[in-house]
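Take a look at the structure below.
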Amino acid sequence: MTNADILYLVIGAIAGGFINGLAGFGTALFALGFFLSVMPALEAVAITLLISVFSGLQGLWIVRHAIANNPRRLARFLLPALFGIPLGIASLKQVDVLALKLLIATFLILYGGFFTLRRTLPKIDRPTPVIDCTVGFFAGILGGAASLSGALPTMWCSMRAWPRYETRAVLQPFNVVVLGLSALMLAWNGAYHAQTLIYASIALPTALVAAQAGILVFRRLEDAVFRRLLIAVCFLSGAVLLLRELL
């Protein structure tokens with residue numbers, strides 16, 4: 001491993017860890033490009049999943065009370081996703097994953113750009129159990145097919161008039177569980193071998209520290225600012241995904 005490899009690994013870990021600590025999602029979109037410059041795709045995805053899960057566990061701690069106060073809300077997203085994940089994996093042979101990623105990237109850019117330019121944001125405050133379950137189910141499919149489980153829940157939750165801790169109490173555990181299951185499947189297929197663990201020994205501690213910095217910023221945000229942040233991250237995530245797939 002060269003010094004340049006270590007630098008890319010550290011930068012990717014910082015970017016992925018910080019955005020996870022700040023917003024509760026987005027690790028893969030911000031870290032994977034750096035990791036792919038250092039290691040094969042399977043190892044890069046495996047490291048990214050580790051960072052996502054362990055950084056996410058830190059984020060879970062700060063919203064534990066919000067999760068406990070409304071577990072049914074989280075269940076409406078998470079339980080349907082568990083059925084969607086195997087469908088997404090099964091669809092890999094029939095679906096053009098590149099086309100799917102480009103479609104999601106375009107949607108993220110349009111959504112993020114539209115609401116970023118608006119002075120006022122929608123504030124949906126009524127219960128929407130059917131929509132919540134539907135979003136969770138299709139997010140699970142996207143997670144299994146393209147590792148994009150966070151896109152739909154983030155877009156939907158940014159439209160809800162929830163305090164930032166309640167929003168994160170959905171996004172953070174949702175991503176930790178879905179991506180944790182993905183990491184277990186990769187481990188079952190032998191992705192975490194000796195070389196991967198060497199990369200992880202550098203990337204994971206770096207990401208955990210960066211996540212703490214992101215959490216510190218999150219704690220200082222106001223609820224309205226956090227909603228704006230989620231929408232801006234949607235736009236930026238779409239742009240990063242689009243550029244990564246086209247270049």
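Side chains included, hydrogens not; waters and symmetry mates left out as well; all remaining heavy atoms used.
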Please report the interatomic distance [atom1]([X]) to [atom2]([Y]), rounded to the nearest 0.5 Å.
X      : Y      : atom1 : atom2 : value
Ile124 : Met159 : CD1   : CE    : 4.0 Å
Ser149 : Leu179 : OG    : CG    : 4.0 Å
Leu171 : Leu230 : CG    : CG    : 6.5 Å
Leu142 : Phe137 : CG    : CZ    : 10.5 Å
Ile19  : Ile51  : CD1   : CD1   : 13.5 Å
Glu43  : Ile47  : CD    : CD1   : 7.5 Å

Handout entry: More than 12 heavy atoms from other groups under 6.0 Å of OH on Tyr192
Key =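 Yes, OH of Tyr192 has more than 12 neighbouring heavy atoms, counting only those of other groups under 6.0 Å.
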
Any non-hydrogen side-chain atom of [X] less than 4.5 Å from a side-chain atom of [Y]?
X      : Y      : result
Val176 : Leu57  : yes
Asn175 : Ser52  : no
Val135 : Ile131 : yes
Val130 : Thr134 : yes

Handout entry: Residue of the set Leu221, Leu216, Val233, Ile215 for which side chain to side chain contact (heavy atoms under 4.5 Å, CB included) holds with Leu22
Key =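 One option only clears the test, and that one is Leu221.
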
Practice task
Have a look at Thr167 and tell me which of Cys157, Pro153, Ser158 forms a side chain to side chain contact (heavy atoms under 4.5 Å, CB included) with it.
Solution key: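 The residue from Cys157, Pro153, Ser158 that satisfies side chain to side chain contact (heavy atoms under 4.5 Å, CB included) with Thr167 turns out to be Cys157.
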
[X]-[Y] co-clustered via ILVMFWY side chain contacts under 4.5 Å:
X      : Y      : result
Phe83  : Leu74  : yes
Leu103 : Leu241 : no
Val209 : Leu50  : no
Leu79  : Phe138 : yes

When you measure from the side chain of [X] to the backbone of [Y], do you find a donor-acceptor pair of N or O atoms at a distance under 3.5 Å?
X      : Y      : result
Asn20  : Gly16  : no
Arg160 : Arg126 : yes
Gln58  : Ala211 : no

Exercise for the section: Mind running side chain to side chain contact (heavy atoms under 4.5 Å, CB included) on Val170 and Leu78 for me, showing each step along the way? Expected result: CA-CA 9 Å; Val170 171; Leu78 187 54; over 6 Å; no

Handout entry: Under the ring pair (Phe, Tyr, Trp, His ring centres under 6.0 Å) test, residues paired with Tyr165 that sit two or more places apart
Key =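 For Tyr165, the residues satisfying ring pair (Phe, Tyr, Trp, His ring centres under 6.0 Å) (neighbours in sequence not counted) are Phe218.
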
Practice task
Could you note down all residue pairs passing salt bridge (Lys or Arg N to Asp or Glu O under 4.0 Å) where residues 56-84 supplies at least one of them, sequence neighbours left out?
Solution key: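 Applying salt bridge (Lys or Arg N to Asp or Glu O under 4.0 Å) to every pair that reaches into residues 56-84, excluding sequence neighbours, yields Arg73-Glu166, Arg76-Asp132.
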
Considering all heavy atoms, the nearest [X]-[Y] contact:
X      : Y      : result
Cys133 : Pro80  : O-CB, 3.4 Å
Gly12  : Ala31  : O-CB, 3.2 Å
Leu108 : Ala151 : CD2-CB, 4.3 Å
Val63  : Ala169 : CG2-CA, 4.1 Å
Leu9   : Val38  : N-CG2, 4.3 Å
Phe174 : Ala139 : CZ-CB, 3.6 Å

Handout entry: Asp5: side chain to side chain donor-acceptor pair (under 3.5 Å) partners, not counting sequence neighbours
Key =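 Result, side chain to side chain donor-acceptor pair (under 3.5 Å) vs Asp5: Thr2.
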
Problem - Pair Leu152-Met155, side chain to side chain contact (heavy atoms under 4.5 Å, CB included): steps then yes or no - result: CA-CA 5 Å; Leu152 292 180; Met155 287 188 284; 3.7 Å; yes

Exercise for the section: Not counting sequence neighbours, list each pair that qualifies as a ring-ring contact (aromatic ring centres under 6.0 Å, His included) and has a residue in residues 21-60. Expected result: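 Found none.
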
Handout entry: Summary of side-chain hydrogen bond (donor to acceptor under 3.5 Å, both in side chains) pairs that have at least one residue in residues 215-237, sequence neighbours excluded
Key =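 Residue pairs passing side-chain hydrogen bond (donor to acceptor under 3.5 Å, both in side chains), neighbours aside: Arg164-Asp223.
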
Exercise for the section: Before giving the answer on side chain to side chain contact (heavy atoms under 4.5 Å, CB included), spell out for Val177 and Leu82 the whole-Å C-alpha distance, their side-chain angles and the decisive distance to 0.1 Å. Expected result: CA-CA 9 Å; Val177 172; Leu82 299 180; 4.2 Å; yes

Side-chain donor-acceptor pairs of residues 198-206 under 3.5 Å, sequence neighbours excluded:
from   : atom 1 : to     : atom 2 : distance (Å)
Ser201 : OG     : Ile198 : O      : 2.5
Thr206 : OG1    : Ile202 : O      : 2.8

